[in-house]
Protein chains: 2
Amino acid sequence: MRLTKKERQSYLSQALEQNPFLTDEEVAKKFHVSIQTIRLDRLELGIPELRERIKHMAEKKFDHVQSLSPSEVIGEVIDLQLHKNGISLLEIGLEHVFERNQIARGHILFAQANSLAIALADWKVALTGNASIRFIRPVQLGEKCIAFATVAEAHDSRLHVGVQTKVQEEIVFQGDFEVYRVSDDRGN
Amino acid sequence: MRLTKKERQSYLSQALEQNPFLTDEEVAKKFHVSIQTIRLDRLELGIPELRERIKHMAEKKFDHVQSLSPSEVIGEVIDLQLHKNGISLLEIGLEHVFERNQIARGHILFAQANSLAIALADWKVALTGNASIRFIRPVQLGEKCIAFATVAEAHDSRLHVGVQTKVQEEIVFQGDFEVYRVSDDRGN
DNA sequence: CTCATTTTAATACCTAGTCCTAAGTGCTAG
DNA sequence: CTAGCACTTAGGACTAGGTATTAAAATGAG
């Protein structure tokens, strides 16, 4: 016997995570055991069969594509009063962090704040002009960031928005954004 | 007979595009024809079976996730002298722009500059502290952004980096980043 | 040696198909 | 009216990649 049951099962879940397209037969050969053993393993580990795995992936992708294109909205706007204030929520996931240390990349927090600031402007086309920002403490994987934006100054075609992002009452990010309006067909 | 063959086939491809998870049986009921008819239709239209459709979707998603996690590297670093200067290239694609007007979202340019600034620091863990930035002109879909970063000040654990992003000699973005070092196990 | 765990085997069944042959339906042109 | 054609439906055989169940081996530990 090569591996113990536990070892095999741990390798199995790894392998399927890395390549979900493997059939039971293929992994069975890899581990030099019978198909049935692999199936028992999957059963115990609660890993669904190939087709279900694939289906779930496809469903996720489908949801994703339907709901938000990757860069379109970072964070979920949960409250918004145009030209006044807004709140956006973002849970830091694996796709947001440095692999090495599980700390959220700066531009993710920036993107959340920036998106919110732009959403505050009730203009067809709004862009960011200047911004000055401060990353106060690193944000870890899994933390929920709540960005609070308030309009400090409002002009015809310019908005000054202050954004504070907190994790559990603790400020982690602060930024001032100057958002300006574009006259539709390109402008500025 | 409800629909002609052509009509049915056109609705069929539409329906499957909109919801690729439909089985032949389900659409057969929808169109009040037999399963065989639907299968003939798919054959003629070159539409693969449910499982293949789903698999292809999953594969696409998989490729995506494998190649670049959306936030990991924004822009391609083409030149880098640690603690001195660096250059990064980014071609604005569909995934970077507002749908409405094909202008690159601010945080994309920020992300490119931020990634480059952090790459300049030869530290295991480097994070952005403060930054002040200026979006000088909107960047359109398809434009190639070249970010030039130079270190203005270098201390033990802090780096001041200036970044200028240009599209064909024209400055579109400017930022000053303060990058700081973290003593490995979390720190700061 | 014996007992429990682990592994393998064998069988029936499932879904969502493919591929193939055959037969039925509806309409049109001679 | 009927032969011919396009279209539709039906049926059977086979497929992959399983589930679920039962049963028999193999193996290791006490």
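No hydrogens, no waters, no symmetry mates; every other heavy atom, side chains included, goes into these values. Sequence lines set the chain letters: A, B, ... in the order given, protein chains first and strands last, and positions in each chain run from 1.
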Rounded to the nearest Å, what distance is computed from the CG atom of residue A:D24 to the P atom of nucleotide C:dA9? 15 Å

Crowded around B:Y11 OH? As in, over 12 foreign heavy atoms under 6.0 Å? no

Give the rounded distance in Å between these two atoms: CD of A:E52 and C1' of D:dA16. 15 Å

Mutual orientation of the aromatic rings belonging to B:F110 and B:F177 [parallel < 30°, tilted 30-60°, perpendicular > 60°]: tilted

Between P on C:dA16 and CZ on B:F21, what's the gap in Å once rounded to a whole number? 13 Å

Let's see if you can work this out: which of C:dT7, C:dT8, D:dC7 has an atom nearest to the side-chain heavy atoms of A:V33? C:dT8

Could you check how far CG of B:L50 sits from P of C:dT15, rounded to whole Å? 13 Å

Shortest side-chain distance from A:K5, nucleotide among C:dG17, C:dT7, D:dG17: C:dT7

Do B:W123 and B:L159 make a side-chain contact, defined as non-hydrogen atoms from C-beta onward lying under 4.5 Å apart? yes

Atom-to-atom span, CG of A:L43 to C1' of D:dG17 - whole angstrom: 16 Å

Using a 4.0 Å heavy-atom cut-off across all strands, classify B:R53 as base, sugar-phosphate, or nothing. nothing

For the pair made of CZ in A:R42 and P in C:dT8, what is the distance, rounded to whole Å? 15 Å

C:dT6, OP1 or OP2 - any side-chain N/O from A:R8 closer than 4.0 Å? no

Minimum-distance nucleotide to B:E49 side chain [options: D:dC7, D:dT9, C:dT18]: C:dT18

With A:K55 as the cation and B:F21 as the aromatic partner, state whether NZ or CZ is under 6.0 Å from the six-membered ring centre and within 45° of the axis. no

What is the separation between atom CD1 on B:I47 and atom C1' on C:dA16, rounded to the nearest whole Å? 16 Å

Applying side-chain contact (heavy atoms from CB on, under 4.5 Å), name anything that partners B:L80, two or more places apart in sequence or on another chain. B:V77, B:L82, B:L116, B:A119, B:L120

Below 4.0 angstrom from OP1 or OP2 of D:dT15, is there any side-chain N or O of B:R51? no

Counting only non-hydrogen atoms, which of residues 34-41 of chain A are less than 4.0 Å from DNA chain D? A:R39

Can you confirm whether the side chains of B:N114 and B:T128 place a donor and an acceptor under 3.5 Å from each other? yes

Could you tell me whether the side chain of A:H83 and the main chain of A:D122 form a donor-acceptor pair under 3.5 Å? yes

